[in-house]
Amino acid sequence: MITKQDIDFAINANRKLKEESIILSNLSSTKFREFTKNRLGIEAKKVRISSMKNTKTYDNLLLDARELFELGYGTKFISLCISLKYKMYIHTIFFHKTVQKNRLSFVINDSIFNQLDVICKGRLFYNRIARGIFLSFKCKPLYNLSKNERVGVKIFYDTPGNKIFIKRDDRSSKSLVCGYSDIIISASPIPKNTEKILKFNKNIYTSKNIDVCFEADDFGFDKTDLIDDKNARKLYPHLQKYGFILEKKRITCSDRSCGDLHIYRNGKKYIIEISNVFESPPTDKNYHSAYNRIRDNILGKITRICLLNKCNIIFIFNKTLEDKKIINEDFVRVIEHFKPNLILTTFNDGWEKEVANEIHQLTK
DNA sequence: CCCCTCAAGGGGCTTATGAG
DNA sequence: CTCATAAGCCCCTTGAGGGG
């Protein structure tokens with residue numbers, strides 16, 4: 001079993017090697033022994049690996065090497081890590097010959113998708129300069145987590161290549177990388193069909209949408225922490241008490257026509273859209289334009305969401321909506337056309353409790 | 001915000017060649 | 001025959017920046 005300590009030790013040693021201008025490509029048996037003796041105080045044995053065949057150590061050593069390969073490391077790093085762990089230099093060619101080289105076989109895994117409880121929208125894209133394919137997706141809590149610490153992950157694909165599962169494993173060679181505003185993970189090894197789509201023309205940047213699946217728990221979150229909308233995040237725990245179940249698919253602010261919260265009860269799906277339209281009340285000066293904007297905003301949401309979704313939809317708006325300044329003729333006609341479920345609230349302390357109860361009553 | 005673009009550096013993989 | 005080393009191209013990781 002390769003531990004995080006084994007790997008960190010090797011990473012550190014590699015750093016020290018670089019201080020002496022030795023990169024792994026230049027590491028030789030002599031340099032390794034000199035280095036371990038002088039910098040680490042380790043006396044490495046001089047052993048011919050072939051003489052160890054059929055010993056327990058040899059078997060363990062190979063198991064460790066295979067595990068490292070599965071974690072995404074290559075022969076040079078494996079050579080360093082194993083050499084340090086077993087205190088004897090073993091050249092890269094040995095691992096090249098003994099470790100299975102099909103990385104793809106480790107990452108195709110359909111059954112792992114049974115565990116997921118969160119799905120986010122992601123994209124795979126090809127980076128022409130780096131000549132690699134990468135995954136990019138947004139998830140605020142994960143982004144903040146990986147900003148503060150290295151979050152190692154393994155990735156898995158389903159057979160059709162439409163979904164990618166990320167599983168935390170801090171030993172992995174891959175980690176979540178904070179991009180400009182999103183999380184980036186290198187997506188290799190890439191299933192062949194996906195690779196074809198993205199590398200079809202190397203001069204054109206293309207991307208492919210993909211579902212990013214994971215378990216919230218795996219990264220230390222509750223799945224309700226990952227609800228994107230602030231108000232929906234407050235409301236859901238109270239709905240949960242009434243037996244509503246959160247959809248796995250995460251709604252982000254980019255899904256403008258999807259509402260804020262998707263939940264199920266008794267096999268029925270409900271979409272909830274929450275808008276605190278008076279969060280910052282209009283000032284006296286632009287009084288009229290402000291109310292016009294709010295009216296358009298509300299009508300736009302009602303129209304889009306009602307038109308594009310085929311399930312029960314509940315809108316939660318500010319109670320001030322009853323104000324005559326919002327209700328004009330157009331407003332009345334749109335409301336009469338779509339007949340949306342409307343719940344009005346003050347958004348004062350404790351609103352989420354009252355609203356959850358209203359939703360419960362409304363959907364009985 | 002969404003989607004796209006650019007980049008450095010070094011390990012990964014493979015093979016030839018020679019030493020032990 | 002086994003193992004070590006070097007060399008070279010390929011690929012992966014990490015990271016930044018910006019237009020619309």
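Chain A is the first sequence line, chain B the second, and so forth, proteins listed ahead of strands; every chain is numbered from 1.
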**Message:** From the set B:dG11, C:dT13, B:dC3, return the single nucleotide nearest to any side-chain atom of A:Lys76.
**Reply:** B:dG11
**Prompt:** A:Phe32 vs A:Tyr89 aromatic rings, parallel, tilted or perpendicular, using cut-offs 30° and 60°?
**Reply:** tilted
**Prompt:** Hey, which of these two, A:Leu24 or A:Ile93, hits DNA chain B nearer its 5' end, going by closest nucleotide?
**Reply:** A:Leu24
**Near-ring test A:Tyr264/A:Tyr270, centroid separation under 6.0 angstrom** = no
**Message:** Test your reading of the model: is there a side-chain donor-acceptor pair from A:Ser83 to the backbone of A:Ile90, 3.5 Å cut-off?
**Reply:** yes
**Asked** Are OP1 or OP2 of B:dC6 and a side-chain N or O of A:Arg128 less than 4.0 angstrom apart?
**Response** yes
**Request:** Please tell me which of the listed nucleotides, C:dT13, C:dT5, B:dG12, lies nearest to the side chain of A:Ser188?
**Result:** C:dT13
**Fill in**
Against the side chain of A:Ser207, the closest entry in C:dG18, B:dC4, C:dT5 is B:dC4
**Message:** Can you tell me which nucleotide in C:dT14, B:dC13, C:dT5 comes closest to the side chain of A:Phe69?
**Reply:** B:dC13
**Asked** Which nucleotide sits closest to the side chain of A:Arg123: B:dC6, B:dC3, C:dT14?
**Response** B:dC3
**Item:** A:Asn127 side chain near C:dT13 phosphate (N/O to OP1/OP2, under 4.0 Å)
**Value:** no
**Request:** Between B:dC13, C:dT14, C:dG17, spot the one nearest the side chain of A:Val177, thanks.
**Result:** C:dT14
**Residue mapping more 5' on DNA chain B - nearest nucleotide basis, A:His96 or A:Ser25** = A:Ser25
**Message:** Is the distance from the ring center of A:Phe244 to that of A:Tyr242 below 6.0 Å?
**Reply:** no
**Request:** Tell me which nucleotide among C:dG15, C:dC3, B:dG11 gets nearest to the side chain of A:Ile49.
**Result:** C:dC3
**Fill in**
When rounded to whole Å, the CG to P distance for the pair A:Asn26 and C:dA6 reads 7 Å
**Item:** Which nucleotide in C:dT2, C:dT14, B:dG10 has an atom nearest any side-chain atom of A:Ser50
**Value:** C:dT2
**Asked** Of all the nucleotides listed (B:dC6, B:dC13, C:dT14), which has the minimum atom distance to the side chain of A:Ser175?
**Response** C:dT14
